[in-house]
2 protein chains.
Amino acid sequence: MAVRFKPPTQEQIVKSKAIYDRQQRSDEVVDERVEKLVEELIGRVADKWTMIILELLSDKTPLRFTQISKAIGTISQKMLTQTLRQMERDGLLTRKVYPVVPPKVEYRITDLGLTLSAAFCSVWVWAADNLKEVESARLKFDQTTEG
Amino acid sequence: MAVRFKPPTQEQIVKSKAIYDRQQRSDEVVDERVEKLVEELIGRVADKWTMIILELLSDKTPLRFTQISKAIGTISQKMLTQTLRQMERDGLLTRKVYPVVPPKVEYRITDLGLTLSAAFCSVWVWAADNLKEVESARLKFDQTTEG
DNA sequence: TTTTATACTTACCTAAAAGAGAGCGCTATG
DNA sequence: CATAGCGCTCTCTTTTAGGTAAGTATAAAA
């Protein structure tokens, strides 16, 4: 698969700064329930396959089932179906079925999906940027704990 | 737990733009193995507990085992130990043991950990910002598929 | 003397997630 | 007539996540 990196747009940066400021001002008033929901959402949305599919679709939309499957390569059909359905439910993509034979289904990223993909972007960048550092940290850790 | 949001720093934005440009220029030359490693790293690092602990530690460092445990509230000792050890191995935090009784161990975020936490930040922001949208998307999906 | 505190580690168990593989419906193509 | 193609779904098995509970060391407090 082709992984592409996109920097955050200026609007996104401004937005996140605004949210940060709001957050700072009313620190004690942060609703517990909102935090729980955010955590739950993070748990669901920050998963490997979701991130990868989002990457793919933000690069090229629409894509068909087998196109995504081939692009990823290592995902089982079951997991792909499952993840796509979940993402559709969460409003990250839309699913369009053409009533033809053989079946044709198109997956198209939504605006919501695009913004999430943009948010993930910095994590991709981080991972690409810090591969070697993580690897050497692991090596060092394994050596010092092993002896 | 207190979740705080921090916007990306100017350096981070500049950096990610630089990486993006580099990426664009040599698009076909992208190493397959690097992609695989990035994916693996994402899979390991983009997990719920890692994100939460990183958030905590980026807010206040150092923290002791029980402090983290209490701050999260819903994590078992086993998972906490496991996640902390993994994060230490990946170089995201350091572990300092004081040879006293009762035991005292301090966890301190590293520079690498800080940059990852900054990268995650936009995902937290996205989640907080789009809670309602995701919820209504789910509602809509459930209603239209149920009938 | 018993309890408490701390930061684990180990063993055991269950439930959920993931993977492998077959089947399916229908048509066009060889 | 057999086969291939698409986008699944279903079943079965394996793997992983994660919880519970117990144990450990030692000193100080009750």
Side-chain angles (χ1 to χ4, degrees), chain A residues 36 39-53 56-57 60-90 93-108 141 144-146, chain B residues 1 36 39-53 56-57 60-90 93-109 141 144-146:
Chain A
K36 281 273 176 292
E39 263 181 51
E40 186 251 351
L41 194 51
I42 291 277
R44 168 148 326 173
V45 122
D47 110 289
K48 194 186 156 192
W49 295 136
T50 304
M51 287 184 71
I52 292 174
I53 293 170
L56 280 173
L57 280 179
K60 194 181 172 193
T61 286
L63 284 176
R64 297 181 59 183
F65 187 88
T66 20
Q67 287 182 299
I68 300 175
S69 173
K70 277 176 189 161
I72 299 180
T74 55
I75 192 172
S76 68
Q77 282 190 331
K78 183 190 157 195
M79 279 310 296
L80 184 51
T81 309
Q82 219 171 85
T83 310
L84 286 172
R85 215 49 57 85
Q86 205 169 245
M87 290 172 73
E88 189 196 357
R89 187 169 110 93
D90 287 346
L93 51 79
T94 58
R95 185 167 168 270
K96 186 169 183 184
V97 184
Y98 294 85
V100 294
V101 167
K104 180 179 174 182
V105 180
E106 276 182 359
Y107 293 92
R108 202 176 289 266
F141 180 89
T144 51
T145 49
E146 199 173 285
Chain B
M1 64 166 289
K36 280 272 176 295
E39 262 181 52
E40 186 251 350
L41 194 52
I42 291 277
R44 167 147 327 173
V45 123
D47 112 287
K48 193 186 155 195
W49 296 135
T50 304
M51 286 185 70
I52 292 175
I53 293 170
L56 280 174
L57 279 179
K60 192 179 174 196
T61 286
L63 284 176
R64 296 182 59 182
F65 187 87
T66 19
Q67 287 182 299
I68 300 174
S69 173
K70 278 176 188 161
I72 299 181
T74 55
I75 192 171
S76 68
Q77 281 191 332
K78 185 189 157 195
M79 279 309 296
L80 184 52
T81 310
Q82 219 172 82
T83 311
L84 286 171
R85 215 46 59 84
Q86 205 169 245
M87 290 172 74
E88 188 196 359
R89 188 169 110 94
D90 287 346
L93 50 80
T94 58
R95 184 167 170 271
K96 186 168 182 184
V97 184
Y98 293 85
V100 295
V101 166
K104 180 180 175 183
V105 181
E106 276 181 359
Y107 294 92
R108 202 176 288 266
I109 199 167
F141 180 90
T144 52
T145 50
E146 200 173 285

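Every chain is numbered from 1, with letters handed out A, B, ... down the list of sequences.
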Counting only side-chain nitrogens and oxygens, does A/T66 get under 4.0 Å of the OP1 or OP2 atom of D/dG7? yes

How many whole angstroms separate atom CD of A/Q77 from atom P of C/dA18? 16 Å

Taking the side chain of B/R85 as its heavy atoms from C-beta onward, which of D/dG7, C/dC8, C/dA5 lies nearest to it? C/dC8

Between atom CG in A/L80 and atom C1' in D/dT9, what is the gap in whole Å? 14 Å

For the backbone of A/F65 and the side chain of A/S69, can you confirm whether one donor and one acceptor N or O come within less than 3.5 Å of each other? no

Which one, D/dT9, D/dT20, C/dA7, comes nearest to the side chain of B/V105? C/dA7

Touch check for B/Q82, heavy atoms < 4.0 angstrom, all strands: base, sugar-phosphate only, or nothing? nothing

Keeping the roles fixed (side chain from B/Q82, backbone from B/M79), state whether a donor-acceptor pair exists under 3.5 Å. no

Roughly how many Å is it from NZ in A/K70 to C1' in D/dC8, rounded to a whole number? 15 Å

Please give, in whole Å, the distance from D/dA17 P to B/K48 NZ? 14 Å

Please report, rounded to the nearest Å, how far the P atom of C/dA17 is from the CH2 atom of A/W49. 16 Å

A/K78 vs A/L80 side-chain heavy atoms within contact, under 4.5 Å: no

Candidate list B/I109, B/L63, B/T83, test side-chain contact (heavy atoms from CB on, under 4.5 Å), partner B/I53, passing option: B/T83

Spacing between A/D47 atom CG and D/dT16 atom P, to the nearest angstrom: 16 Å

Hey, does A/Y107 reach any base, or is it just sugar-phosphate, or nothing, if we go heavy atoms under 4.0 Å? sugar-phosphate

For B/I75 and C/dC8, what is the distance between atoms CD1 and C1' respectively, to the nearest whole Å? 14 Å

Nearest-Å distance, CZ (A/F65) to P (D/dT9)? 9 Å

For a 4.5 angstrom cut-off between non-hydrogen side-chain atoms, does B/R95 reach B/V105? yes

By the 4.0 Å heavy-atom rule, please label A/K78 as base, sugar-phosphate, or nothing. base

May I ask you to verify if any side-chain N or O of A/R64 is less than 4.0 angstrom from the OP1 or OP2 atom of D/dC6? no

Selection from D/dA22, D/dC6, C/dG19 that lies nearest to any side-chain heavy atom of A/S76: C/dG19

Among D/dG7, C/dC8, D/dG18, which nucleotide has an atom closest to any side-chain atom of B/T81? C/dC8

